[in-house]
There are 2 protein chains.
Amino acid sequence: MHTTSHTAVQRTDVMASRIPGGSSAASAHVQRIADELKLLQATLNPARRIVHAGDVLYRYGERFEQLHVLNSGCFKLLSVSESGDEQIVGLKFRGDWLGFSGIARGSHACDAIAMDTSEVWTLRYDALLQACAEEPRLMALVHEAMSSEIMRDREAKTALCTLPADARVATFLHDWAGSLAMRGLRTDQISLRLTRAEIGNYLGLTLETVSRVLSRLVRARLIAFNEKSRRDICIPDFQALGSFTSRPAAVGLH
Amino acid sequence: MHTTSHTAVQRTDVMASRIPGGSSAASAHVQRIADELKLLQATLNPARRIVHAGDVLYRYGERFEQLHVLNSGCFKLLSVSESGDEQIVGLKFRGDWLGFSGIARGSHACDAIAMDTSEVWTLRYDALLQACAEEPRLMALVHEAMSSEIMRDREAKTALCTLPADARVATFLHDWAGSLAMRGLRTDQISLRLTRAEIGNYLGLTLETVSRVLSRLVRARLIAFNEKSRRDICIPDFQALGSFTSRPAAVGLH
DNA sequence: CGGGTAGTTGAGCGCCTTCAATCGCCGTGG
DNA sequence: CCACGGCGATTGAAGGCGCTCAACTACCCG
């Protein structure tokens, strides 16, 4: 795992002009993440480093001592069962925290693997606790991050429990694009950094089903493939894709 | 099969590795919950009260101001979608916290409904924050509780993604019994406080499937119904039920 | 007794999986 | 240069698991 330059200015702020669902809410969120990072930097001066796709930030079972915050890039969280099969249990983007699940047992509960070149800020947990005691805003920030994670996990569970395959995949794409939008990135053109098998794993489907659903969404004009790579997906109408979530019907089949 | 003492499990030291009624780990956990409650009481003197089955502790959308800790009883967390259908997103027992998901937005993300007569300890969130700043152990306790919730949500997601109906229901029963065991309660005789429809809702199955799976588990001698109520379930061999989780095969069908 | 709720069980269907074939891409090595 | 193999993705065909629809029972409470 590289620890090269810590300056890594990420060129994110292309920005809010392109954001679906109202740029004001999105840019507010962008600002909020920036403020949070600034607060972190001021109170804890976290170690920064760049990691690359495939790099492992921590592994299941490793002693928990640090938390991480993503300044850019994206990560997947991988839970490996004793029988050896893997389950993707989370996806993380700029502003998200990594490692919360390790606090309870004192050892990490999953693997954290970069899906793209990313800048990670790392802070010692004991230092964080101490800083939280002195800076109430910092404590509130940490609690909000954990609370958000709990909320999103529940939404994911609900999707798994209630949505058929088509809506599940559509929701997945919509959420991914929404995650980027809230961070000020473009959403008309998203680059999934997962194979069909990984998407299926994350959604409780087989890779074939994912592939078929994507083809169906293309036929329904809700998405389009980039001609270069079939992992790059165009979303002409962000809202339409979202509304498909609730109405799994009304797709021209066949 | 009955053991009158509260150390419900006898010949299973092996189980101590996982989620045992294995007495040592279980009683350690009981002790830990007791210590946590004691610390809470010492630092915050929370308001206690008794609620009854069906009582609502908080509702979706209500302003978030308090957190709650269960001293006894059990709760369900209910998420209601805009279209009106409900999803059970969590089950809570003694020692569990309620309300974490409301922190992020400042309003509660679900309904919390008692499934049984329960004793609830309530504390103001702002008071908790303040107390956390002064008492590091309290802050650690809160973080551990949130971390545990994240972990358990992920396990639930994994179950939804990977297990077929039979294993899902078996895991549900096993986990429920395990939750009781970790709290020092008997596990050979558990009383589900959910209808078949609610179990199905929680597990992403229909009530008919739940009913059929339970009948199958009875035929396989992994569980037995109490003759009084079909919601009360005997678990003759806790371990066997657990091992069924991983091997969904090998049940005498028909 | 009648009505309502909870639960069980059967029959048939449909969505998703399983199995399999094919295509395109890319890096390697003859 | 092209052949080859591997990986990712797509698509078809067939089968099965779980859902839908429905009937029936048990139990509680008026």
Side-chain angles (χ1 to χ4, degrees), chain A residues 53-54 85-86 88 115 159-173 191-220 223-233 247-251 253-254, chain B residues 53-54 76 85-86 88 115 159-173 191-220 223-233 244 247-251 253-254:
Chain A
D85 18 50
E86 303 179 338
I88 298 179
M115 294 193 296
L160 289 173
C161 277
T162 60
L163 301 183
D166 303 76
R168 235 181 274 179
V169 174
T171 301
F172 168 75
L173 296 175
S191 172
L192 302 177
R193 319 204 72 78
L194 300 170
T195 65
R196 304 290 190 259
E198 287 174 314
I199 298 172
N201 175 289
Y202 184 60
L203 298 176
L205 301 169
T206 60
L207 68 94
E208 294 95 331
T209 299
V210 172
S211 178
R212 273 184 259 266
V213 170
L214 288 175
S215 298
R216 241 173 282 161
L217 292 175
V218 168
R219 276 195 287 275
I223 64 171
F225 287 133
N226 185 323
E227 54 251 17
K228 307 298 290 183
S229 158
R230 297 181 82 78
R231 287 201 208 171
D232 294 347
I233 288 178
R247 279 184 306 95
V251 141
L253 300 179
H254 177 59
Chain B
K76 61 179 173 187
D85 19 49
E86 303 178 337
I88 298 180
M115 295 193 295
L160 289 173
C161 278
T162 60
L163 300 182
D166 303 75
R168 234 181 274 180
V169 174
T171 301
F172 169 75
L173 297 174
S191 173
L192 303 177
R193 318 205 71 80
L194 299 170
T195 67
R196 302 292 191 257
E198 287 174 314
I199 297 172
N201 176 289
Y202 183 60
L203 298 176
L205 302 169
T206 60
L207 68 94
E208 294 96 330
T209 298
V210 173
S211 178
R212 272 185 260 266
V213 170
L214 288 175
S215 298
R216 241 173 283 161
L217 292 175
V218 167
R219 278 196 286 276
I223 63 171
F225 287 133
N226 184 322
E227 55 250 14
K228 307 297 291 181
S229 157
R230 297 182 80 79
R231 286 203 208 170
D232 294 346
I233 287 179
F244 181 75
R247 281 184 305 96
V251 141
L253 301 178
H254 162 67

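Chain naming here is simple, since letters A, B, ... match the order of the sequence lines and numbering starts at 1 in each. It should be emphasised that the depicted structure is a prediction, and the values quoted were computed from it without experimental measurement.
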K.L.:
Which whole-number value in Å describes the distance from Arg196(B) CZ to dC19(D) P?
P.N.:
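Atom CZ in Arg196(B) sits about 15 Å away from atom P in dC19(D).
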K.L.:
Going by the rule side-chain hydrogen bond (donor to acceptor under 3.5 Å, both in side chains), which residues pair with Ser215(A) if we only count those two or more places apart in sequence or in a different chain?
P.N.:
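None.
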K.L.:
Sugar-phosphate atoms are those with a prime plus P, OP1 and OP2; base atoms are the rest. Using that split, label each nucleotide of nucleotides 23-30 of chain D B, S or - for protein heavy atoms under 4.0 Å, 5' to 3'.
P.N.:
--------
K.L.:
Atom CG in Leu163(A), atom OG1 in Thr171(A): separation rounded to 0.5 Å?
P.N.:
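One gets 5.0 Å once the value is rounded to the nearest 0.5 Å.
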K.L.:
Please state how far atom CG in Asp232(B) lies from atom P in dA6(C), giving the value in whole angstrom units.
P.N.:
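Whole-Å distance recorded here is 16 Å.
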K.L.:
Among all residues two or more places apart in sequence or in another chain, which pass the salt bridge (charged side-chain N to carboxylate O under 4.0 Å, His left out) test with Arg193(A)?
P.N.:
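Asp116(A).
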K.L.:
Would you give me the side-chain donor-acceptor pairs under 3.5 Å for residues 200-209 of chain B, sequence neighbours excluded?
P.N.:
{"unit_1": "Asn201(B)", "atom_1": "OD1", "unit_2": "Gln87(B)", "atom_2": "NE2", "d": "3.4"}
{"unit_1": "Asn201(B)", "atom_1": "OD1", "unit_2": "Ile88(B)", "atom_2": "N", "d": "2.8"}
{"unit_1": "Asn201(B)", "atom_1": "ND2", "unit_2": "Glu86(B)", "atom_2": "O", "d": "2.8"}
{"unit_1": "Thr206(B)", "atom_1": "OG1", "unit_2": "Thr209(B)", "atom_2": "N", "d": "3.3"}
{"unit_1": "Thr206(B)", "atom_1": "OG1", "unit_2": "Thr209(B)", "atom_2": "OG1", "d": "3.0"}

K.L.:
Return the polar atom pairs (N/O with N/O) between nucleotides 22-25 of chain C and the protein under 3.5 Å, or none.
P.N.:
none

K.L.:
Looking at residues at least two apart in the chain, or sitting in another chain, which of them share a side-chain hydrogen bond (donor to acceptor under 3.5 Å, both in side chains) with Thr162(A)?
P.N.:
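Here no residue qualifies.
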K.L.:
Evaluate side-chain contact (heavy atoms from CB on, under 4.5 Å) for Arg230(B) paired with Leu214(B), printing each intermediate quantity in order.
P.N.:
CA-CA 10 Å; Arg230(B) 297 182 80 79; Leu214(B) 288 175; over 6 Å; no
K.L.:
What pairs with Thr195(A) under side-chain contact (heavy atoms from CB on, under 4.5 Å), at least two apart in sequence or on another chain?
P.N.:
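Thr195(A): side-chain contact (heavy atoms from CB on, under 4.5 Å) contacts with Ala197(A), Glu198(A), Arg231(A).
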K.L.:
What is the distance, to the nearest angstrom, from the CG atom on Asn201(B) to the C1' atom on dC19(D)?
P.N.:
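Roughly 15 Å, once rounded to whole Å.
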K.L.:
Within this structure, what is the CD1-CG distance for the pair Ile199(B) and Leu192(B), rounded to the nearest 0.5 Å?
P.N.:
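The distance works out to 5.0 Å.
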K.L.:
Would you mind reading off the distance between Ile233(B) atom CD1 and dA6(C) atom C1', rounded to a whole angstrom?
P.N.:
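These atoms are roughly 14 Å apart.
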K.L.:
Taking atom P of dT11(D) as reference, at what distance in whole Å does atom CG of Leu214(A) sit?
P.N.:
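Taking CG of Leu214(A) and P of dT11(D), I get 10 Å after rounding.
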K.L.:
Is there side-chain contact between Phe172(B) and Leu194(B), with at least one heavy-atom pair below 4.5 Å?
P.N.:
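Of all side-chain heavy-atom pairs linking Leu194(B) with Phe172(B), at least one is under 4.5 Å.
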K.L.:
Output yes when at least one side-chain N/O atom of Thr195(A) is less than 4.0 Å from OP1 or OP2 of dC7(D), else no.
P.N.:
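No, because none of the side-chain N or O atoms of Thr195(A) sits under 4.0 Å from OP1 or OP2 of dC7(D).
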K.L.:
Would you say dG8(D) has OP1 or OP2 under 4.0 Å from some side-chain N or O of Arg230(A)?
P.N.:
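Result: no.
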K.L.:
Look up atom OG in Ser191(B) and atom NZ in Lys228(B), then write down how far apart they are to the nearest 0.5 Å.
P.N.:
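Here the rounded value is 13.5 Å.
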K.L.:
For the helix from dC1(C)-dG30(D) to dC26(C)-dG5(D), how many degrees between its two end axes (five pairs per end), to the nearest 10°?
P.N.:
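Axis-to-axis angle, ends of the helix: 30°.
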K.L.:
List in chain and number order the residues that pass side-chain hydrogen bond (donor to acceptor under 3.5 Å, both in side chains) with Asn226(B), two or more places apart in sequence or in another chain; answer none if no residue qualifies.
P.N.:
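Asn226(B): no side-chain hydrogen bond (donor to acceptor under 3.5 Å, both in side chains) contacts found.
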K.L.:
Starting from C1' on dG7(C), measure out to CZ on Arg231(B) and report it in whole angstrom.
P.N.:
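So the CZ-C1' distance, Arg231(B) to dG7(C), works out to 10 Å.
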K.L.:
Report all interatomic pairs (protein N or O, nucleotide N or O of nucleotides 16-20 of chain C) with separations under 3.5 Å.
P.N.:
{"unit_1": "dC16(C)", "atom_1": "OP1", "unit_2": "Ala165(A)", "atom_2": "N", "d": "2.6"}
{"unit_1": "dT17(C)", "atom_1": "OP1", "unit_2": "Thr206(A)", "atom_2": "N", "d": "3.4"}
{"unit_1": "dT17(C)", "atom_1": "OP2", "unit_2": "Thr206(A)", "atom_2": "N", "d": "3.4"}
{"unit_1": "dT17(C)", "atom_1": "OP2", "unit_2": "Thr206(A)", "atom_2": "OG1", "d": "3.1"}
{"unit_1": "dT17(C)", "atom_1": "OP2", "unit_2": "Thr209(A)", "atom_2": "OG1", "d": "2.2"}
{"unit_1": "dT18(C)", "atom_1": "O4", "unit_2": "Arg212(A)", "atom_2": "NH2", "d": "2.9"}
{"unit_1": "dC19(C)", "atom_1": "N4", "unit_2": "Glu208(A)", "atom_2": "OE2", "d": "3.2"}

K.L.:
Without decimals, in angstroms, what is the distance between Arg193(B) CZ and dA6(C) C1'?
P.N.:
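Answer to the nearest Å: 15 Å.
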K.L.:
Tell me the interatomic distance from Asn226(B), atom CG, to dG7(C), atom P, rounded to whole angstroms.
P.N.:
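In whole Å, dG7(C) P lies 14 Å from Asn226(B) CG.
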K.L.:
As an exercise, state the distance from CD1 of Ile233(B) to CG of Leu217(B), rounded to the nearest 0.5 Å.
P.N.:
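Between Ile233(B) CD1 and Leu217(B) CG, I get 8.5 Å after rounding to 0.5 Å.
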